[in-house]
**Student:** 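Before I ask anything, let me first share the structure, which is written out below as structure tokens.
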Amino acid sequence: MKKYLAIASLFTISIGFSQQKQRFTYVRPLIGTAKMGHTFPGATVPFGSVQLSPETDTIAFEKDRKYNGKVYEYCAGYQYADKTICGFSHTHFNGTGHSDLGDFLIMPTVGKLQLNPGTADHPENGYRSKFSHANEISQANYYKVKLDDDNILAEMTTSQRVGFHQYTFPKSDQSHIILDLMANIYNHEEKNVWTFIRVENDTLVTGFRQTNGWARTRTVYFAMTFSKPIKGYGFKNYDTENIYNGFWRKFDQSKNFPEAAGPKLKAYFDFATSEGEKIKIKFGLSSVSANNALNNIDVEIPHWDFDQVKREGQQLWEDELSKVTVETINEDDKINFYTAMYHAFINPTVYMDWNGEYKGLDQNVQTAQGFVNYTTFSLWDTYRALHPLFNLVQPKRNRGMIQSMLAHYDQSVHHALPIWSHYSNENWCMIGYHSVSVIADAIAKGNDGFDTKIALEAVVSSSNMLYNDGIGDYVKMGYVPEDRSGASVSKTLEYAYDDWAISQMAKKLGRNDIYETYSKRARNFNNVFDKKSGFMRPKLADGTFKKEFDPLDTHGQGFIEGNAWNYSLYVPHDVAKLTELNGGKEKFTQHLDSLFTMQLPDKYFENTEDITRDGIIGNYVHGNEPSHHVAYLYDYLGKPWKTQERVRMIIRKMFHSGPDGLGGNDDTGQMSAWYIFSSLGFYPVAPGSDQYAIGSPLVKKATLKFENGKTLVISAKNQSEKNVYVTKIELNGKEIPRDFIRHSDLINGGELTFYMSSKPKK
């Protein structure tokens, strides 16, 4: 009898384990798809080359040949409030404040063929369809929606380089798959430079397109395979400007002719379908060739089992998310945490074919030797917390990203590291040379499995590109003059921080000459501090401060995406000097308090796209990156309890599990990385240092599994909604200060215990 009881007990334990929810099931890709989160709800694998997701409108970049501000809402192609879907394209940014991509839009339809997308008000006039969120499912690596107008069920999943579509059709002898090669995100009349398409046989289509957008020279090749032979097909060329057609004009290229070329092409493929019949499409991408795109399909998905690809992709997510296991105060916190990890692990994206080939910055075919090549480097955002997070839980990938940056440097005619780059293009967006911060942070934390000698050469070269964005004046004068280069104060402050990062890197690598030079440059923030106003202030080339100055205004005051109140706090590498400039610890504390409690009227940011009311607390702008370190400055002032209450307050106000659950753009994972660090109880105020500032953990318990084989268990004793204050911290049973902790203390594993209380310990 005891034997049977033991067996029954083991069976019960086994069932219990099997019923534990997998981490990827907590992911809600729809978080951030409303308002200005700019995330996409579609399918992708971790750091995937394909992001297969719906487009809900066709807003153009231009209106009357001028910038159309409405397009900003569609950086990810999808807005939760929309009622129609235009199709499903294969490339998307996650949470950016500008955009590109939206390659190769596919839309299934039934009935009369329509090749225009129609409008949101009248979808019946085109191929778009109404849909309902009640019939929409968005999961890690799986998206499903019913297209109501044609009664088609659309499902999609991905592998690393292949999008896998599955469309369930009604009975019809007029079923179509439309491939719109003109569709783009941030589209404009001249964006498509060229498109080319070949029907190789009755199940295989190949081609490419080249676009001139944010990335001005971007070529993407594709291979498209159908699970069912095509009944018929055709093309329409919308290029009305070209009067020369050569001797191609003797063919009727519009119907069942096996190739087409031009800047503005759309294609369609006809089928007869029975009720409930599934037509599947595998769509491979490559930056090198259509043959490589087809090989990517053959290697990654050599079968037609849609559910298998979905399962394999979701297992990849489970493997990545299992790096951190959390216990939380409530279920929503677990949803927010794992969705933040999901968003943090989308970008940068793998950018090479299965054989290691990719299109380089020099537009030649390169081969990644001994590393994985990545693209999508939004470095003005991600140097702050995302790459430091990778140094903690994704060190191998972060090394690959740095090697990708060094390859960019090697291929750059400017001899510069990336600033904001994607798809073998530098788009020069935003300020600073923040690749140096990413590299310096990796070296500071011992994650230096790359050529550090070349890396030091690269950071010095990037910081001395004198013709770029006021750097020449900065090096010569010690600041960027506003009358020569706009956003001058922001540039001066960010250059000074980057120079400090270079100095720390040089010091660790034994180059004292470089250390001395850049330590001096790192003090340049002093040159734009105005003692009279108490703020960082734009200075002119003649050495005087700009007369018209309003520290609340985000427009024309020498700052980019911020005002003097927020940016004057950006000296993360020398908070002691910043404190001195602000009159000492007590006065500076009062100043920080005012930031959170004052009211910023809408007029001060109404023309700044990246700042909205949803992301503001007082005058603290959490919805944009320059302020992300600010709540942790109280630690440096000897008042950690203020950091603790501010951090927990920010988490509760800025993050929740609805579609509008982000207070601003996720910015390719930076917003999510802030949430992850802050939930764990610490934050990297100055990347390039091995020090973290302590906050207030949101988790009850977190287990971090590191690549070095060690495990860190973080526990918050007496954790609750009210117990936001830390009274004591122990590392492996020994009490440590409540202000800071080092990277080595974490990465060596063990137990980090926070003791929480509803009352601050001052």
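The analysis underlying the following values was restricted to heavy atoms, covering all of them including side chains, and did not include hydrogens, waters or symmetry mates.
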**Student:** Within the side chain of Glu426, is there an N or O that forms a donor-acceptor pair under 3.5 Å with the backbone of Ile419?
**Tutor:** yes
**Student:** I'd like to know if the side chain of Gln411 reaches the main chain of Leu361, judged simply by a donor and an acceptor atom lying under 3.5 Å from each other, with no hydrogens or angles considered.
**Tutor:** yes
**Student:** Where does the angle between the aromatic ring planes of Phe93 and Trp420 fall among parallel (under 30°), tilted (30 to 60°) and perpendicular (over 60°)?
**Tutor:** perpendicular
**Student:** Any non-hydrogen side-chain atom of Tyr495 less than 4.5 Å from a side-chain atom of Arg521?
**Tutor:** no
**Student:** Under the salt bridge (Lys or Arg N to Asp or Glu O under 4.0 Å) test, which residues partner Arg397, sequence neighbours left out?
**Tutor:** Glu320
**Student:** Flag the pair Ile650 / Tyr620 as yes when at least one side-chain heavy-atom distance between them is below 4.5 Å, and no otherwise.
**Tutor:** yes
**Student:** Under the criterion side chain to side chain contact (heavy atoms under 4.5 Å, CB included), which of Leu595, Asn619, Asp553, Ile617 is the partner of Leu600?
**Tutor:** Asn619
**Student:** On the 0 to 90° scale, with breaks at 30° and 60°, tag the Tyr567-Phe559 ring pair as parallel, tilted or perpendicular.
**Tutor:** parallel
**Student:** Return the minimal non-hydrogen interatomic distance between Asn527 and Tyr479, and the atom names on each side.
**Tutor:** CB-CB, 4.2 Å
**Student:** Would you find a donor on one side and an acceptor on the other, under 3.5 Å apart, between the side chain of Thr56 and the backbone of Gln79?
**Tutor:** yes
**Student:** Is it the case that the ring center of Phe525 lies less than 6.0 angstrom away from the ring center of His573?
**Tutor:** yes
**Student:** How many angstroms lie between atom CZ of Phe740 and atom CZ of Arg742, to the nearest 0.5 angstrom?
**Tutor:** 9.5 Å
**Student:** If the threshold is 4.0 Å, N to carboxylate O, is there a salt bridge linking Lys70 and Glu73?
**Tutor:** yes
**Student:** May I ask you to check whether Tyr632 and Phe677 place their ring centers less than 6.0 Å from one another?
**Tutor:** no
**Student:** Would you please test Tyr423 and Thr91 for side chain to side chain donor-acceptor pair (under 3.5 Å) and show each step?
**Tutor:** CA-CA 11 Å; Tyr423 278 73; Thr91 57; 4.7 Å; no
**Student:** Between Asp610 and Tyr72, does any side-chain donor sit less than 3.5 Å from a side-chain acceptor?
**Tutor:** yes
**Student:** Just by distance, do the side chain of Thr382 and the backbone of His387 share a donor-acceptor pair under 3.5 Å?
**Tutor:** no
**Student:** Determine the sole option in Phe345, Tyr351, Tyr342 for which the ring-ring contact (aromatic ring centres under 6.0 Å, His included) test with Phe47 is passed.
**Tutor:** Phe345
**Student:** Between His92 and Tyr78, is the ring centroid distance below 6.0 Å?
**Tutor:** no
**Student:** What is the ring orientation for Tyr409 with His415, classed by angle as parallel under 30°, tilted 30 to 60°, or perpendicular over 60°?
**Tutor:** perpendicular
**Student:** On a heavy-atom basis, which atom in Asp666 and which in Ser672 lie closest, and how many Å separate them?
**Tutor:** OD1-OG, 2.7 Å
**Student:** Show your working on ring pair (Phe, Tyr, Trp, His ring centres under 6.0 Å) between Tyr692 and Tyr683 and close with a plain yes or no.
**Tutor:** CA-CA 5 Å; Tyr692 300 94; Tyr683 187 78; 8.7 Å; no
**Student:** Between Glu190 and Arg65, does a salt bridge (Lys or Arg N to Asp or Glu O under 4.0 Å) hold up when you go through it step by step?
**Tutor:** CA-CA 11 Å; Glu190 298 83 13; Arg65 303 303 291 170; 3.1 Å; yes
**Student:** Taking atom CZ of Arg216 as the centre, does the number of heavy atoms from other residues, nucleotides or ligands within less than 6.0 Å exceed 12?
**Tutor:** no
**Student:** When you compare the side chains of Thr612 and Asp614, does any donor N or O come within less than 3.5 Å of an acceptor on the partner?
**Tutor:** no
**Student:** Is the closest side-chain heavy-atom distance between Trp214 and Leu101 below 4.5 Å?
**Tutor:** no
**Student:** If we ignore angles and hydrogens, is there a donor and acceptor under 3.5 Å between the side chains of Asp660 and His656?
**Tutor:** yes
**Student:** Establish, from distance only, whether the side-chain atoms of Glu494 and Trp380 form a donor-acceptor pair under 3.5 Å.
**Tutor:** yes
**Student:** Output every pair passing salt bridge (Lys or Arg N to Asp or Glu O under 4.0 Å) with a member in residues 583-603, not counting sequence neighbours, ordered by first then second residue.
**Tutor:** Glu586-Lys639, Asp593-Lys642, Asp593-Arg646, Asp602-Arg613
**Student:** Measure centre to centre between the rings of His622 and Trp674, then say whether the value is under 6.0 Å.
**Tutor:** yes
**Student:** Does any N or O in the side chain of Arg738 come within less than 3.5 Å of the main-chain N or O of Val726, such that one atom is a donor and the other an acceptor?
**Tutor:** yes
**Student:** Report yes if the side chains of Ile31 and Phe655 come closer than 4.5 Å at any heavy-atom pair, otherwise no.
**Tutor:** no
**Student:** Can a salt bridge be assigned to the pair Glu482 and Lys547 using a cut-off of 4.0 Å between side-chain N and carboxylate O?
**Tutor:** no
**Student:** Quick one, Asp483 with Lys546, criterion salt bridge (Lys or Arg N to Asp or Glu O under 4.0 Å). Give me CA distance, side-chain angles, the key distance, then yes/no.
**Tutor:** CA-CA 9 Å; Asp483 47 344; Lys546 181 176 179 288; over 6 Å; no
**Student:** Which heavy atom in Thr96 sits nearest to a heavy atom in Asp667, and how many Å separate them?
**Tutor:** CA-OD1, 4.1 Å
**Student:** Determine whether Tyr474 and Asp499 satisfy the following criterion, side chain to side chain donor-acceptor pair (under 3.5 Å), listing intermediate values before the conclusion.
**Tutor:** CA-CA 11 Å; Tyr474 169 80; Asp499 289 342; 2.6 Å; yes
**Student:** Considering only heavy atoms from C-beta outward, does the side chain of Arg648 approach that of Glu645 to under 4.5 Å?
**Tutor:** no
**Student:** Is there side-chain contact between Ile676 and Met341, with at least one heavy-atom pair below 4.5 Å?
**Tutor:** yes
**Student:** Mind checking whether Asn566 and Thr554 have side chains closer than 4.5 Å, heavy atoms only?
**Tutor:** no
**Student:** Give a yes or no answer on whether the side chain of Ser503 reaches the backbone of Tyr518 with a donor-acceptor pair at less than 3.5 Å.
**Tutor:** no
**Student:** Check whether Thr211 reaches the backbone of Gly213 with its side chain - one donor and one acceptor, N or O, closer than 3.5 Å.
**Tutor:** no
**Student:** Output yes when a side-chain donor or acceptor of Thr33 lies under 3.5 Å from a complementary backbone atom of Tyr80, and no otherwise.
**Tutor:** no
**Student:** Would you please name every residue forming a side-chain hydrogen bond (donor to acceptor under 3.5 Å, both in side chains) with Ser568, sequence neighbours left out?
**Tutor:** none
**Student:** Indicate yes or no: does Lys191 engage Asp100 in a salt bridge with an N to O separation below 4.0 Å.
**Tutor:** yes
**Student:** Set out, in order, the CA-CA distance, both residues' side-chain angles and the distance that settles side chain to side chain donor-acceptor pair (under 3.5 Å) for Ser437 and Tyr497, then state yes or no.
**Tutor:** CA-CA 8 Å; Ser437 171; Tyr497 159 74; 2.8 Å; yes
**Student:** Which of these passes side chain to side chain contact (heavy atoms under 4.5 Å, CB included) with Ser488: Leu540, Val480, Ile431, Asp473?
**Tutor:** Val480
**Student:** Taking the side chain as everything from C-beta on, heavy atoms only, tell me whether Thr39 gets closer than 4.5 Å to His343.
**Tutor:** yes
**Student:** Run the side chain to side chain donor-acceptor pair (under 3.5 Å) check on Asn447 and Asn391 step by step: do they pass?
**Tutor:** CA-CA 7 Å; Asn447 189 25; Asn391 278 327; 2.9 Å; yes
